[in-house]
Amino acid sequence: METSSVIQVKKLNLYYGKFQALKDVNMEIGKQEVTALIGPSGCGKSTFLRTLNRLNDLIDSVQIEGDVSIDGNNIYDKSCDVVALRKKVGMVFQKPNPFPKTIYENVAYGPRVHGVKERKKLNAIVEKSLREAALWEEVKDDLSRSALRLSGGQQQRLCIARVLAVGPDVVLMDEPTSALDPIATQKIEDLIRELKEKFTIVIVTHNMQQAARVSDSTAFFLNGEVLEMGQTEIMFTRPLDQRTEDYITGKFG
Amino acid sequence: MLIPSLALWGVLEESSAVEFCLREPYPALFPHVLKQKGGLFLNRKLETAIAYFFTLNGAFVIFILVGIFALLLSSSFAAWQDVGFISFLTDRVWNPSGFVASHFGIFTKIVGTLMVTAGAMLFAVPLGIATAAYLAEVASSWEREIVKPVIELLAAVPSVVLGFFGIVVFSPLLARIFNLPNGLNALNGSILLGLMSLPTIISIAEDALTAVPKEYKEASLALGATRWQTLSRVIIPAAGSGVTAAIMLGIGRSLGETMTVIMATGNALQFPSDFFSSVRTMTATIAIELGEVPADTTHYYSLFAIGFVLFSMTFLVSLLADIFLHRAGEVKKL
């Protein structure tokens, strides 16, 4: 087994009731790499992302077949501890969704639910996470401010800090900049490049340039299938499949 | 008044109420109205008349409320002139036809009302919020479809039926459990009032919990929080204003309830020592005594004054509930 990949997906099929949203998806996601998932709306990118932290479990009608292994453990095995899984695989959402609590409480929430009680320890985690998310300098003077009063871009970085505070290995990002302006987007992209030093990142994006700018590998989804996957550079310059080229060059999507 | 109103709404089919009120002074805002021809078009005079008609309906409701308030207040002043406002509120003795001296103190009744209400909330609040959380977060859709109508049915039980239930079921039960001569006491009233305010608390709290954006829930679960942690640390706090409003409305319901407490609490006049004491609430006093009191006496006016105090209390509670509900509306937006 390849040592460089943390996530291995084999023959993953996912159904919403009778509708098959993912068809026979196979994928290897490299350690400390940024993997971009691209494809037109409704092609299963976000659904796929949500299988990696089992957030699809929330939907009653979902049925999943196949294998998703993270660090060699099948996460759909009965013995899998979902809480531990989600601690290891964090997620940043499309719309910034900080809790209606203070900045401090937002970041401390994760460690708290995992049993960290000591104030000193929490303070240290909060500072470290906010620094890692490049937000510390902007908010350090008043951590007791409501998170909802931050700008959209700051809120999204807060959400990233909130994920980092739990100490994940993998960070899933579901179109993390689609609700942000270009400047805030750039900050998040810079941040993604820094974060990949420590974390494995899987990012869903609608923005081809973004995929090209931040990712090492890219997977192209169409109608629930992965049509093509490979190094981003190659994919964007010499795609194998005509449909990939059409999508990347903006002929559809 | 209702039937012609409905008929008029029929004529106005497409216009929303807001538009209707604005259209007259600002016709330019509604170009499609100006363009309308033939059947649906109403001439200016008729429209004005209809606008006045609805305004009058609205004014009528306000007039009734103000009228009640004025009647209570003016009668109350008559009582307070004789008794004194402070001693009316603080005197523990209520003895309107005392041989030596009459007493018109409602302190005991205020305590009785508050005790029964507090007791009711003590179990209706946790039970109500837990049920709301179950409905909003745990129940599957078919469970919800069974439980919700049942809760609505609970709201439809007439208070006199609940009171009857208190006399024949809870009273002997409490008497046996706690070894009392009879079970007509504050506890009995509390249980029944709790049951009565449960539907209010459950439905308002459930609305508030359901209105919490699902993004919060997802964020929390994605961080590895359990469902229980998510519910108790994110969803309920996020719905805090709405849940508080639910409790307030439940309190309001209990404060004003009359028939059930008359039947279940024993109505003794003495100052209650604990929840096993018989109590007489403010509402019960008015209902029991107003039918037999000679008009224009201090006793008569004092009953109105009790009504005024009660009205002030429920008004305050409703006002708070309203404030909290408005705040809940603001939180919803993410």
Side-chain angles (χ1 to χ4, degrees), chain A residues 46 49-50 52-61 81-102 105-115 129 146-148 152 155-156 158-168 170-174 179, chain B residues 129 133-148 205 207-246 323-334:
Chain A
S46 293
L49 196 72
R50 283 162 176 254
L52 300 181
N53 65 348
R54 290 189 55 171
L55 212 57
N56 281 325
D57 291 12
L58 298 183
I59 306 163
D60 290 334
S61 62
D81 176 1
V82 181
V83 166
L85 168 72
R86 290 180 181 154
K87 199 176 161 196
K88 194 153 92 174
V89 183
M91 186 164 199
V92 178
F93 295 82
Q94 189 170 354
K95 214 165 63 172
N97 59 351
F99 300 128
K101 298 173 186 279
T102 65
E105 289 301 322
N106 263 279
V107 184
Y109 179 79
R112 280 214 171 109
V113 299
H114 295 297
S129 310
S146 165
L148 300 182
Q155 288 190 6
Q156 195 61 303
L158 180 67
C159 292
I160 294 174
R162 185 172 66 184
V163 168
L164 301 184
V166 180
V170 181
V171 179
L172 309 174
M173 296 186 172
D174 190 358
Chain B
I129 293 176
Y134 160 76
L135 285 173
E137 290 297 323
V138 185
S140 63
S141 54
W142 68 266
E143 287 173 318
R144 207 171 304 137
E145 262 165 47
I146 294 173
V147 176
K148 280 188 83 162
D207 285 348
L209 292 175
T210 319
V212 172
K214 75 171 196 322
E215 285 87 349
Y216 292 155
K217 184 177 161 187
E218 289 189 334
S220 172
L221 292 171
L223 285 167
T226 61
R227 272 166 98 184
W228 164 243
Q229 287 168 329
T230 301
L231 182 66
S232 63
R233 300 190 195 192
V234 175
I235 297 177
I236 291 179
S241 308
V243 173
T244 315
I323 291 169
F324 280 114
L325 273 181
H326 271 283
R327 205 180 286 169
E330 282 161 25
V331 175
K332 256 182 238 172
K333 285 171 255 146
L334 187 71

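Chain A is the first sequence line, chain B the second, and so forth, proteins listed ahead of strands; every chain is numbered from 1.
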For this session: Check each atom of B/Ser140 against the heavy atoms of chain A and say whether the ones under 4.5 Å are side chain, backbone, both or neither.
Result: neither
Problem set entry | Sub-4.5 Å side-chain heavy-atom contact between A/Phe93 and B/Glu215 | no
For this session: Side chain from CB out, backbone as N, CA, C, O: work out which of these in B/Arg233 comes under 4.5 Å of a heavy atom of chain A, or both, or neither.
Result: both
Problem set entry | Closest-packed option against chain B by number of heavy-atom pairs under 4.5 Å, given A/Arg112, A/Arg162, A/Lys88 | A/Arg162
For this session: Considering only heavy atoms and a distance below 4.5 Å, find which of B/Ser141, B/Ser220, B/Gly224 pairs most often with chain A.
Result: B/Gly224
For this session: Under 4.5 Å heavy-atom distance to chain B, tell me which part of A/Val82 shows up: side chain, backbone, both or neither.
Result: neither
Problem set entry | Side chain, backbone, both or neither of A/Phe99 within contact of chain B (heavy atoms, under 4.5 Å) | both
Exercise. Does the side chain of A/Val113 come within less than 4.5 Å of B/Thr226's, by heavy atoms?
Worked result: no
Exercise. Looking at NZ of B/Lys214 and CG of A/Leu58, how far apart are the two atoms once the value is rounded to the nearest 0.5 Å?
Worked result: 10.0 Å
Problem set entry | Heavy-atom proximity to chain B below 4.5 Å, by part of A/Arg54 | neither
Seminar exercise, completed: d(B/Lys217 NZ, A/Leu55 CG) to nearest 0.5 Å is 10.0 Å
Seminar exercise, completed: Bottom line for A/Lys101: the part with an atom under 4.5 Å from chain B's heavy atoms is side chain
Problem set entry | Minimum heavy-atom distance between B/Leu223 and A/Tyr109, given as atom pair plus value | CD1-CD2, 3.7 Å
